[in-house]
Number of protein chains: 2
Amino acid sequence: MARSSDKRERLLDAARTLFHTQGFAQTTLADISAASGVPLGNVYYYFKTKDELVEAVAADHEAQFQQFVEELEAAEPSPKGRLLRYLATIHEQRDSLKSHGCPVGTLCLELAKAGAATAEKADAVLRLKFDWLEAQFRAMGRDDASFLTERLLASLQGSALLANALNDCDIICRNLHWSRQWVEAL
Amino acid sequence: MARSSDKRERLLDAARTLFHTQGFAQTTLADISAASGVPLGNVYYYFKTKDELVEAVAADHEAQFQQFVEELEAAEPSPKGRLLRYLATIHEQRDSLKSHGCPVGTLCLELAKAGAATAEKADAVLRLKFDWLEAQFRAMGRDDASFLTERLLASLQGSALLANALNDCDIICRNLHWSRQWVEAL
DNA sequence: GTCTATATAATGATAGAC
DNA sequence: GTCTATCATTATATAGAC
């Protein structure tokens, strides 16, 4: 019938996963086709170009984070408690972060190097996270909220990179443990 | 004559620069050929494959760091002074770090995602830096030298990534300023 | 050692039947 | 909306003259 199937979502899921695990450049449309079960030629019905696909993936990361924030803010009124819960969710992703880095951070780096116009879409996701974290620090009464956010995000992104290169997940764990105490002491 | 010209070094320089600015996957051998002035077919006389080229680039990063360390250790006997000078050299590279990230860190990420065997060579460079930094902290009498190194390196790598994505070089500067005070207070 | 021409393979994208 | 077949391009790599 005329109603669109779930093919678009399956393509998006496959692309998001493969861009994370293999990188954008290394992932071919044939890979995405195979992983999603959507024939290669049909991919272009949903996404006219590979760039359009990665923009949709970035938008998906953004939507997922916004949904995460909504649920978190509904469940936890205290900004400090929200930050601690945020760190807890990152801890849950530690294995994936160690194996492939941050899905958003590594995508930003790769698209920036490619000189792609799509880099802005990925950067916007990171900025969204930045702004939300900053808002929490500000709600805690810190007027150095921006700087605190820089330190926290840099520490998270950097420890994911180090854990990946040095093949040691504990680097993420130790950093998160330290960050948690740091937030609690603020 | 039979003696090898400087072509190999010109190829290596071009590759190191292009892998940093464009990424490994986005850089074609034609790019390297054009940037170095060495005809495409001749590239293969010096490097049989693209993988061999990136291994040589990683080895070059390693050699450069080792030379930097030698000079630094000769000029500065104090481990704390060495760390502060190390931070100063990073500050000099701030524009490049903001535009393209850390040449070693981003290469590690990209090769890891590509699943390339060459990733180990890049990882070894980062590990070398890790070990040297750790040795300085240890020489300062810190038995938590490894953890301090993790925090410092993660902070440096992460702030380069953030500066790149958020297009703000000051993120690196503020982080370095903070790291300098942190080292001084140890 | 050097370089031109080209083989080979892979990939993004399209045409067009159904 | 779906899918097969294929085009056009690009990239790694090689062959072989000089």
Looking only at the side chain of [X] (C-beta and beyond, no hydrogens), which of the listed nucleotides [options] gets closest?
X	options	value
B/Lys50	D/dG1, D/dA13, C/dG12	D/dA13
A/Tyr44	D/dC3, C/dA13, D/dT2	C/dA13
B/Thr28	D/dT12, C/dG12, D/dC3	D/dT12
B/Tyr45	D/dC3, C/dC3, C/dT2	C/dT2
B/Tyr46	C/dG1, C/dC3, D/dG1	C/dG1

Presence of A/Lys7 side-chain N/O under 4.0 Å of D/dT2 phosphate oxygens OP1/OP2: yes

Whichever of A/Ala25 and B/Pro39 has the more 5' nearest nucleotide on DNA chain C, that residue is B/Pro39

Identify, between A/Gly41 and A/Asp31, the residue whose nearest nucleotide on DNA chain C lies closer to the 5' end. A/Asp31

Whole Å only: how far is the [atom1] atom of [X] from the [atom2] atom of [N]?
X	N	atom1	atom2	value
A/Leu40	C/dA15	CG	C1'	14 Å
B/Asp51	D/dA11	CG	P	17 Å
A/Leu29	D/dA5	CG	C1'	17 Å
B/Leu53	D/dA11	CG	C1'	14 Å
B/Leu11	C/dC3	CG	P	11 Å
B/Ile32	D/dA13	CD1	P	11 Å
A/Glu52	C/dT14	CD	P	11 Å
B/Asn42	D/dT14	CG	P	15 Å

Give a yes or no on this: more than 12 heavy atoms of other residues, nucleotides or ligands lie within 6.0 Å of atom [atom1] of [X].
X	atom1	value
B/Lys50	NZ	yes
A/Glu9	CD	no
A/Gln22	CD	yes

Are B/Asp144 and B/Phe137 close enough that some pair of their side-chain heavy atoms sits under 4.5 Å apart? no

Which part of the nucleic acid does B/Thr27 contact within heavy-atom distance under 4.0 Å: base, sugar-phosphate only, or nothing? sugar-phosphate

State plainly whether one hydrophobic cluster holds both B/Leu153 and A/Leu153, where clusters connect Ile, Leu, Val, Met, Phe, Trp and Tyr through side-chain heavy atoms under 4.5 angstrom apart. yes

